[in-house]
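Please read the structure below before turning to the comments.
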Amino acid sequence: MSTNVMRTTDGWWVVRDERAVRIETKAVTTVDLLADRDAVREAATSAESGTPVADLVALPPVTTPCRVVAQMVNYRSHAKDSGFTGDIPPTFFRKASGSVSGPHEEIVRPSHVKFLDYEVELALVMGAPLPVGTVVEESDLPRYVAGLVLTNDVSARDVQLTKTQFYESKSYPTFTPTGPYLALLEPEDFAHLLNLRLRLSVNGEPRQDRTLADMIVRPAQALTLLARFQTLDPGDLLLTGTPGGTALKAPPKAVEKIAALLPPALKWKAFFNSQAKNPRYLRNGDLITATIATPDGRIDLGEQRTSVTGTP
């Protein structure tokens with residue numbers, strides 16, 4: 001069974017049901033903690049009743065700086081929403097580690113961003129170096145991946161689309177809410193990854209709901225493809241894509257063909273004029289709730305609750 005770990009200003013905790021037991025460790029960073037698994041196991045089996053989780057304020061369960069890498073259009077449902085047909089080439093992009101924030105912190109919208117979107121994502125937490133040239137088989141995942149975290153790949157769509165700029169549009173501070181738990185996996189847990197169900201709602205309205213079975217490129221293959229050019233180290237994150245259901249969707253084909261005839265400035269003006277009527281984009285005061293878990297609870301990354309604030 002996986003072990004859920006929580007980080008606070010006071011240190012690291014193992015979460016058991018609604019209570020948390022402090023891990024007796026000198027670990028400061030995620031890398032330090034991963035090297036002290038004996039202390040984690042000791043806390044997990046401790047007879048201590050622990051502290052109510054509700055009394056603790058969760059920080060991101062991974063420490064920064066670290067590499068934050070993400071996969072683009074990696075769920076079939078998201079590909080359909082985005083207007084892709086046929087084979088989709090695997091694509092990766094980077095996010096600034098400064099975008100990582102806590103699981104209950106506010107998402108701060110920059111004043112120039114009008115079209116703010118959500119993307120619930122499962123992130124892999126690396127437990128061992130992944131050198132360039134590494135080939136990862138399914139059976140190798142426990143060697144390289146220490147655990148999993150729940151993330152939200154918040155996106156400024158007006159920046160992303162007009163500038164074709166993924167890094168900027170997804171890297172503002174608070175644009176990667178992470179946690180509440182780091183689920184440290186045992187080798188037998190990896191057989192259950194495809195049962196993980198990603199859910200996200202806004203103000204109680206369900207928006208995203210899919211399992212990993214909807215993935216196009218699964219974790220082992222993704223790590224192999226990434227390792228063609230990118231090294232990863234312990235504590236680094238790989239966000240593995242989002243399901244369909246985001247606010248942004250491709251326009252109908254007929255509209256797309258007409259827009260292609262317009263100069264770029266007019267095309268984007270027309271597109272965002274139409275998007276302004278879309279009520280699914282995030283507004284100030286919206287509450288986003290996200291979860292990732294298997295139906296049997298074998299792996300449960302907890303619940304993330306974040307609200308949106310910033311300039312209207």
Side-chain angles (χ1 to χ4, degrees), residues 1-6 14-18 34 37 40-41 44 53 61-62 69-81 88 90 103 118-128 130 136-153 176-201 206-226 237-246 288-305:
M1 293 286 289
S2 62
T3 301
N4 279 350
V5 172
M6 183 177 179
V14 164
V15 176
R16 302 186 311 205
D17 297 322
E18 299 301 317
L34 296 178
R37 290 292 288 266
V40 176
R41 294 187 180 96
V53 171
V62 292
V69 185
Q71 291 177 258
M72 184 181 79
V73 191
N74 194 38
Y75 280 71
R76 293 175 183 86
S77 54
H78 191 206
K80 182 179 179 181
D81 280 358
I88 302 171
Y118 49 84
E119 296 188 7
V120 62
E121 304 208 13
L122 175 73
L124 312 181
V125 181
M126 302 304 296
L130 183 80
V136 181
E137 304 291 345
E138 291 289 337
S139 59
D140 297 326
L141 280 174
R143 176 180 173 185
Y144 294 104
V145 177
L148 310 172
V149 290
L150 163 63
T151 64
N152 183 358
D153 179 22
T176 313
T178 303
Y181 304 142
L182 163 59
L184 297 176
L185 303 183
E186 299 298 332
E188 59 270 20
D189 292 324
F190 287 84
H192 301 268
L193 292 188
L194 293 188
N195 295 328
L196 284 167
R197 187 173 184 178
L198 290 73
R199 291 175 169 175
L200 182 143
S201 65
R207 297 285 182 89
Q208 295 182 279
D209 188 349
R210 284 291 192 281
T211 69
L212 262 66
D214 190 35
M215 268 188 175
I216 298 170
V217 176
R218 295 176 179 175
Q221 183 185 3
L223 290 174
T224 298
L225 293 171
L226 187 59
L237 295 179
L238 173 59
L239 281 60
T240 56
T242 196
T246 60
I288 306 163
T289 305
T291 60
I292 300 178
T294 57
D296 60 4
R298 182 187 186 100
I299 305 173
D300 187 340
L301 306 186
E303 182 180 73
Q304 184 178 110
R305 294 171 66 84

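Small disclaimer: the values here were computed from a predicted structure and weren't measured.
Annotation for R37: atom CZ counts as buried by contact number, over 12 foreign heavy atoms lying within 6.0 Å. Summarising the local packing, CG of D296 is surrounded by more than 12 heavy atoms from other residues, nucleotides or ligands at distances under 6.0 Å.
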message: Applying side chain to side chain contact (heavy atoms under 4.5 Å, CB included) to V62 and V125, what does each step give before you reach the verdict?
response: CA-CA 8 Å; V62 292; V125 181; 4.0 Å; yes
- prompt: Can L212 and R218 be said to form a side chain to side chain contact (heavy atoms under 4.5 Å, CB included), step by step?
  reply: CA-CA 8 Å; L212 262 66; R218 295 176 179 175; over 6 Å; no
message: I'd like to know whether L148 forms a side chain to side chain contact (heavy atoms under 4.5 Å, CB included) with L124, so could you lay out the CA-CA distance, the side-chain angles of the two residues, the decisive distance to 0.1 Å, and finally the verdict.
response: CA-CA 5 Å; L148 310 172; L124 312 181; 3.6 Å; yes
Stepwise side chain to side chain contact (heavy atoms under 4.5 Å, CB included) test for V15 and V5: CA-CA 6 Å; V15 176; V5 172; over 6 Å; no
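Shortest non-hydrogen contact noted between E138 and A220 is OE2-CB, 3.7 Å. The heavy-atom pair separating N4 from A183 by the smallest distance is OD1-CB, 3.4 Å. The shortest non-hydrogen separation linking P103 to G179 is CB-C, 3.6 Å. Of all heavy-atom pairs between D81 and G245, the closest is OD2-N, 2.8 Å. Minimum heavy-atom separation, V120 to P243: O-CD, 3.6 Å. The two residues R207 and Y118 come nearest to each other via the heavy atoms NH1-OH, 3.1 Å.
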Could you pull out all donor-acceptor pairs under 3.5 Å where a side-chain atom in residues 184-195 meets a protein atom, sequence neighbours excluded?
| from | atom 1 | to | atom 2 | distance (Å) |
| --- | --- | --- | --- | --- |
| D189 | OD1 | R298 | NE | 2.8 |
| D189 | OD1 | R298 | NH2 | 3.2 |
| D189 | OD2 | S2 | N | 3.1 |
| D189 | OD2 | E186 | N | 2.8 |

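A donor-acceptor pair under 3.5 Å links the side-chain atoms of N74 to the main chain of T240, judged by distance alone.
To the nearest 0.5 Å, atoms CD1 (I299) and OG1 (T3) are separated by 11.0 Å. Atom CG of D153 is separated from atom OG1 of T246 by 10.5 Å, given to the nearest 0.5 angstrom. Of the inter-residue distances, the one linking T289 atom OG1 with Q304 atom CD reads 9.0 Å to the nearest 0.5 angstrom. Expressed to the nearest 0.5 Å, how far CE of M126 lies from CG of L223 amounts to 5.0 Å. Considering CE of M72 and CD1 of I216, their distance stands at 10.0 Å, rounded to 0.5 Å.
Here the rule is side chain to side chain contact (heavy atoms under 4.5 Å, CB included) with E121, and of N152, T151, T176, I292 only T151 fits it.
Here D209 pairs with R197, R199 under the salt bridge (Lys or Arg N to Asp or Glu O under 4.0 Å) rule; sequence neighbours left out.
A 4.5 Å side-chain heavy-atom check between L141 and P219 finds at least one atom pair inside the cut-off.
Y75 and R210 are not linked by any side-chain donor-acceptor pair at a separation below 3.5 angstrom, with hydrogens and angles left out of the test.
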